[in-house]
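A quick write-up on the structure given underneath.
Basis for what follows: all heavy atoms, side chains included, without hydrogens, waters or symmetry-related copies. These numbers were taken from a predicted model, which means no experiment stands behind them.
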Amino acid sequence: MEPHHSNPIQYFNHLKAFYYVALCESFTRAADKLSLSQSTLSIQVQSLEQQLGFPLLKQNKRRVELTEEGNIIFSYAKSVFATLDDLASAADDIRKRKIKIGTTPTLAQYIVPKVIRKLRSGESGLKVHIFTGQSREVIDRIKNYEYHIGIITRCEYPRDLISLPVAKPKLRFVVNDPRLAAAVDMEDLAGYPIILTDPGSVTRDYLLQEFGKRGISIKICAESENAEIVKGMVNLGMGGAFFPAFAVEEDLREGRFREIALPADLCVHIDVVYMKDRKNLTVVRNFVETFKKHNFFR
DNA sequence: TTTGGGCATTGGGGTGCAGT
DNA sequence: ACTGCACCCCAATGCCCAAA
């Protein structure tokens with residue numbers, strides 16, 4: 001059949017097939033993603049190539065590669081599907097008045113509730129969903145458009161993520177152990193039992209790195225992602241723990257345990273992050289505005 | 001040389017629509 | 001109502017090629 005320039009993309013599904021195959025660099029994986037058979041994709045891509053009048057993909061070793069022309073078509077396909085994605089999430093956003101926030105357990109506990117209260121006072125009817133995980137997991141989910149916004153501890157960000165620094169809380173070392181002086185050197189903590197957050201946590205990695213570069217080996221006596229659990233253990237005198245300032249200020253005031261001053265300036269960065277192409281969503285804009293207007297970290 | 005992963009082809013089944 | 005057409009899809013199979 002003669003390709004006709006006035007009707008170049010007759011079949012949306014074919015473009016979708018091509019787009020996913022190019023994205024996955026594989027017919028099989030794309031088929032899996034689209035819940036179609038590999039043969040279906042193969043035929044749909046062929047059909048698209050026929051309509052356009054030139055090949056889009058070529059076989060290289062064990063991978064599928066875009067031809068030069070395929071690259072051009074792919075860039076258009078990308079914007080088509082990005083636009084569709086925006087459409088879908090905008091529709092969802094309007095329909096459900098929902099915002100999904102990914103954050104760490106500690107931030108979820110001590111900071112996020114305050115944020116939600118402010119947000120909802122500005123926009124009643126807003127539905128807020130809070131999810132917790134480690135910073136890197138949250139980023140993955142933001143990248144997949146599962147969450148609108150992340151409030152996380154700073155780590156490596158992908159290029160298409162926007163980050164807004166919102167706080168730089170000092171990490172406070174707390175114990176319930178009368179034997180420990182009010183101020184000690186980092187070296188004095190060698191072998192001292194310390195309760196850390198779970199492996200993979202940015203704060204944990206940071207602390208291990210800070211001790212590591214001073215050549216101090218610490219004794220991890222327990223691990224938990226839950227700040228209240230860690231506090232409970234500290235309270236029982238099981239060991240010391242590091243908390244971002246906002247998480248322990250009240251406990252220190254109430255004398256549940258005490259802070260041990262360290263010479264090192266230990267701190268983490270808290271950022272609000274979101275995908276670049278979601279910056280214009282109302283819920284995202286409102287959220288960012290709220291964060292710019294108020295200091296939730298006191 | 002064998003094996004297995006990955007794409008293309010084949011043959012078959014289905015739907016919806018338009019013209020008769 | 002019947003028929004042809006364009007499109008949707010699948011399982012099975014064939015074929016190629018790289019790694020073992």
- [ ] To the nearest Å, give me how far apart NZ (A/K16) and C1' (C/dC8) are.
- [x] 13 Å
Open item on the list: Any salt bridge linking A/R214 with A/D185? Criterion: basic side-chain nitrogen under 4.0 Å from a carboxylate oxygen.
Closed with: no
Task: Under-4.0 Å salt bridge between A/D160 and A/K276 - done: no
Interface polar pairs with nucleotides 10-15 of chain B, N/O, under 3.5 angstrom:
none

TODO: Could you check how far CD of A/Q46 sits from C1' of C/dC9, rounded to whole Å?
DONE: 15 Å
Task: Nucleotide C/dC9, atom P - distance to CZ of A/F27 in whole Å - done: 15 Å
Task: Side-chain hydrophobic cluster, 4.5 Å single linkage: members besides A/I72 - done: A/Y76
- [ ] May I ask you to verify if any side-chain N or O of A/Q38 is less than 4.0 angstrom from the OP1 or OP2 atom of B/dG5?
- [x] no
- [ ] Measure the distance from CD on A/Q44 to C1' on B/dC7 and round it to the nearest whole Å.
- [x] 15 Å
Open item on the list: Measuring to OP1 and OP2 of C/dC9, would you say a side-chain N or O of A/T40 lies under 4.0 angstrom away?
Closed with: no
Open item on the list: To check you understand the geometry: which heavy-atom pair defines the closest contact between A/I218 and A/L189, and what is its length?
Closed with: CG2-O, 4.3 Å
TODO: Would you mind classifying the nucleic acid contact of A/T28 as base, sugar-phosphate or nothing, using non-hydrogen atoms under 4.0 angstrom?
DONE: sugar-phosphate
Open item on the list: Grouping I, L, V, M, F, W and Y whenever their side-chain heavy atoms are under 4.5 Å apart, do A/I73 and A/I43 come out in a common cluster?
Closed with: no
- [ ] Sequence neighbours left out, what passes side chain to side chain contact (heavy atoms under 4.5 Å, CB included) with A/L252? Give chain and number order.
- [x] A/R172, A/V174, A/V248, A/F257, A/E259
